[in-house]
Amino acid sequence: MKKIIYIMVFAFLLGACDDGFEEMNVNPTKPNQVSVKNKLTAAQLFASGERYEAWRTNFIYSSTMIQHFATTAGYWSGDKYGWNKGYASALIDRQLASVVKSIVDMELQLNAEEAPAEMHAIVSILKVMVFQRLTDLYGDVPYSEAGKAVTEGILYPKYDKQSDIYADMLAKLETATAALGPGTSEFGDADIMYQGNMNKWKKFGNSLMLRLALRMIKVDPAGAQAWATKAINGGVMVSNADIAFIPHTAGPDGVNKNGNGEVFTVEQSMRMSDTFIGHLQGDPRLSVLAMRKSDQSTDPADLKGLPNGLDSVTLKDLTGEEDSEEYAMPRTLLQGEDAPMFFQTYAEVAFMLAECGVRWGIGGDAATNYNDGVTAAMTYLEMYSPDAAIDPADITAFLGANPYDGTLEQINTQYWIATFMNEYESYANWRRTDIPMLTPVNYPGNETGGTIPRRLTYSTSEQSTNAANYAEAIANQGPDVLTTRMWWDQ
């Protein structure tokens, strides 16, 4: 598999770096188009993300705002509600320039080559996966015209309203899942997420539909229920075997490494928030997820969390400590550049099904789904390393000591725990539910008046290079600041 990834990505990158060059260097005896299979591999890796956006938007902002991580480092702007505009726009800057452009290119090639419907469907689901993350982090974003600079000459794409983006993403998922049946698509092993398994793509597409449905609960509860029902009836994930993730290797640089792992290679200042550690007390995941920085102890008695919103001076004032070496940080087994990158897990789906049961009486027995979600959230950690395996007896004991209580608070607190490291999703679901209850920080000079930010902001270059469309987005959504609420977060 490693050799396949290297070859395919290398071929794609060679094909992508050809501005104005192909007209001068065409070999009439060989095809002048890179295989769409190779492009899918590269697009999936680009979707996973590299160190640039993982560091800035997944960790520095998202992880600290929902209090999974904390740090005294001043440049971790999210921990103190500061506004580093370059960091805040990192995900949209990178993803529009890489994976979105790649997907648009694949769509055109699939049409030109009259490819089977299932290949179109897989690319369509991948597209929704990418844009769901983008719109949930920024709100209104370039969507219908994004990635079309080369194909249609659209250099300055408009920003679509989030409500319109959601409507189109849901429609795309409905069409795509209907086109998928049993068997293996022609993408085969070039599809490094599911190896072309159409049944798993179908379940992933419906699981994404369920995620989008629940995201609309504040603004369109009837629509949320209707789409949730459609997703469940279509068939969502049923076990950890269905998890949507990208496998990674340790090289080559910046192509198939895990972006989170690349951050850990160069950055060790993050600590586990005391909020997160507090919720993990008595949980067998504590010693799997965390270790003490100073000596890597995983003894729960040694694992304490760092309060959010501190710098080195206020840490010393509060605790008398000179540094944060005695606080917990993620265990080494989570830090690998060859670790899997998770987009959606079965545990998340089970918790959403439990919520659907509480809200509408659909999706099966809520208590069963909750228990299945907790179990799956503990057992999937083995995908990081065999050393992350949790004894089934410990899971049973945890569920016995913490029985299902029928509340959305319990369900979504577990969702918040289960999405650790996928901080984009943790942050989005927290804004949807405001669960768990987090105590904001009020660091001097913060940008939000001591409230947790509700979105990240666009690239400052858009104000000049795409001024008219940027202005329209501001007029539709509100000021391009951290406190503006997007459509589904009203």
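Keep in mind it's a predicted model, so treat the numbers as computed, not measured.
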Within the distance-only criterion (no hydrogens, no angle test), does the side chain of [X] pair as donor or acceptor with the backbone N or O of [Y] below 3.5 angstrom?
X: Gln67; Y: Thr275; answer: no
X: Glu462; Y: Tyr470; answer: no
X: Gln490; Y: Arg485; answer: yes
X: Asn258; Y: His248; answer: no

Q | Whether over 12 other heavy atoms sit under 6.0 Å from Lys101 NZ | A |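 At most 12 heavy atoms, drawn from other residues, nucleotides or ligands, come within 6.0 Å of this atom.
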Q) Given the rule in the salt bridge (Lys or Arg N to Asp or Glu O under 4.0 Å) test, do Glu321 and Lys293 qualify, once you have shown the distances and angles that lead to the verdict? A) CA-CA 14 Å; Glu321 296 170 315; Lys293 174 64 168 67; over 6 Å; no
Does the side chain of [X] pick up a donor-acceptor pair with the side chain of [Y] at under 3.5 Å?
X: Ser297; Y: Asp295; value: no
X: Asp317; Y: Thr314; value: no
X: Asn256; Y: Thr249; value: yes
X: Tyr156; Y: Thr465; value: no
X: Thr71; Y: Asp79; value: no
X: Tyr143; Y: Asp164; value: no
X: Asn240; Y: Thr379; value: yes
X: Thr413; Y: His279; value: no
X: Ser426; Y: Thr419; value: yes

What pair of heavy atoms forms the shortest contact from [X] to [Y], and how long is it?
X: Val236; Y: Ala231; answer: CG1-O, 3.5 Å
X: Pro330; Y: Met291; answer: O-CE, 3.5 Å
X: Glu409; Y: Ile435; answer: O-CG2, 3.4 Å
X: Ala328; Y: Ala290; answer: CB-CB, 4.1 Å
X: Ser62; Y: Leu137; answer: OG-CD1, 4.0 Å
X: Pro453; Y: Tyr427; answer: O-OH, 2.6 Å

Measuring only between side-chain heavy atoms, which start at C-beta, is [X] closer than 4.5 Å to [Y]?
X: Asp283; Y: Asn402; answer: no
X: Arg133; Y: Gln95; answer: no
X: Leu482; Y: Leu456; answer: yes
X: Tyr404; Y: Gln414; answer: no
X: Val99; Y: Ile103; answer: yes
X: Tyr61; Y: Ser77; answer: yes
X: Met169; Y: Thr135; answer: yes
X: Pro157; Y: Asn466; answer: yes

Could you measure the distance from the [atom1] atom of [X] to the [atom2] atom of [Y]? Nearest 0.5 Å is fine.
X: Glu326; Y: Leu306; atom1: CD; atom2: CG; answer: 12.5 Å
X: Leu214; Y: Met209; atom1: CG; atom2: CE; answer: 12.5 Å
X: Trp201; Y: Asn206; atom1: CH2; atom2: CG; answer: 13.0 Å
X: Asp242; Y: Phe204; atom1: CG; atom2: CZ; answer: 11.0 Å
X: Asp140; Y: Leu134; atom1: CG; atom2: CG; answer: 12.5 Å
X: Thr332; Y: Gln296; atom1: OG1; atom2: CD; answer: 4.0 Å

Q: Run the ring-centre check on Phe59 versus Phe69 and record whether the distance is less than 6.0 Å.
A: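 Here the rings of Phe69 and Phe59 have centres that are less than 6.0 Å from each other.
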Q: May I ask you to check whether Tyr458 and Tyr159 place their ring centers less than 6.0 Å from one another?
A: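 Yes, the ring of Tyr458 comes within the 6.0 Å limit of the ring of Tyr159, centre to centre.
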Between [X] and [Y], is there a side-chain N and carboxylate O pair less than 4.0 Å apart?
X: Glu325; Y: Arg271; answer: yes
X: Lys85; Y: Asp93; answer: no
X: Arg211; Y: Glu348; answer: yes
X: Glu355; Y: Arg432; answer: yes

(Q) Apply side-chain contact (heavy atoms from CB on, under 4.5 Å) to residues Asn412 and Phe351 and explain how you reach the verdict. (A) CA-CA 7 Å; Asn412 281 290; Phe351 292 133; over 6 Å; no
Q: Start with the C-alpha distance between Phe46 and Arg94, add both sets of side-chain angles, then the distance that settles side-chain contact (heavy atoms from CB on, under 4.5 Å), and finish with yes or no.
A: CA-CA 9 Å; Phe46 284 139; Arg94 277 298 174 94; over 6 Å; no
Side chains of residues 215-226: which donor-acceptor pairs under 3.5 Å do they make with residues two or more places apart or in other chains?
residue, atom, partner, partner atom, Å
Arg215, NE, Asp136, OD2, 3.0
Arg215, NH1, Glu425, OE2, 3.3
Arg215, NH2, Asp136, OD2, 3.2
Arg215, NH2, Glu425, OE1, 2.8
Arg215, NH2, Glu425, OE2, 3.2
Lys218, NZ, Arg431, O, 2.8
Lys218, NZ, Asp489, OD1, 2.7
Asp220, OD1, Gly223, N, 2.9

Q.
With ring-ring contact (aromatic ring centres under 6.0 Å, His included) as the test, pick out the partner of Phe420 among Phe276, Phe342, Tyr380.
A.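 That would be Phe276; it is the only one of Phe276, Phe342, Tyr380 passing the ring-ring contact (aromatic ring centres under 6.0 Å, His included) with Phe420.
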Q) Hey, mind stepping through Asn308 and Ser273 against side-chain hydrogen bond (donor to acceptor under 3.5 Å, both in side chains) and telling me if it holds? A) CA-CA 6 Å; Asn308 289 89; Ser273 168; 2.7 Å; yes
Q | Stacked cation flag Lys80 on Trp76, 6.0 angstrom / 45 deg | A |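 That pair does not qualify as a cation-pi contact.
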Q) Checking side-chain contact (heavy atoms from CB on, under 4.5 Å) for the pair Lys161/Trp487: CA distance, chi angles, key distance, verdict? A) CA-CA 8 Å; Lys161 294 180 180 180; Trp487 167 72; over 6 Å; no
Q: Run the numbers on Glu447 and Val481 for side-chain contact (heavy atoms from CB on, under 4.5 Å), then give the verdict.
A: CA-CA 9 Å; Glu447 293 283 341; Val481 296; over 6 Å; no
Return all side-chain donor-acceptor pairs below 3.5 angstrom for residues 387-396, not counting sequence neighbours, or 'none' if the list is empty.
residue, atom, partner, partner atom, Å
Asp391, OD1, Ala393, N, 2.8
Thr396, OG1, Pro392, O, 3.1

Q. Could you go step by step and tell me if Arg454 and Asp434 meet the salt bridge (Lys or Arg N to Asp or Glu O under 4.0 Å) rule?
A. CA-CA 11 Å; Arg454 306 305 293 196; Asp434 293 309; 3.4 Å; yes
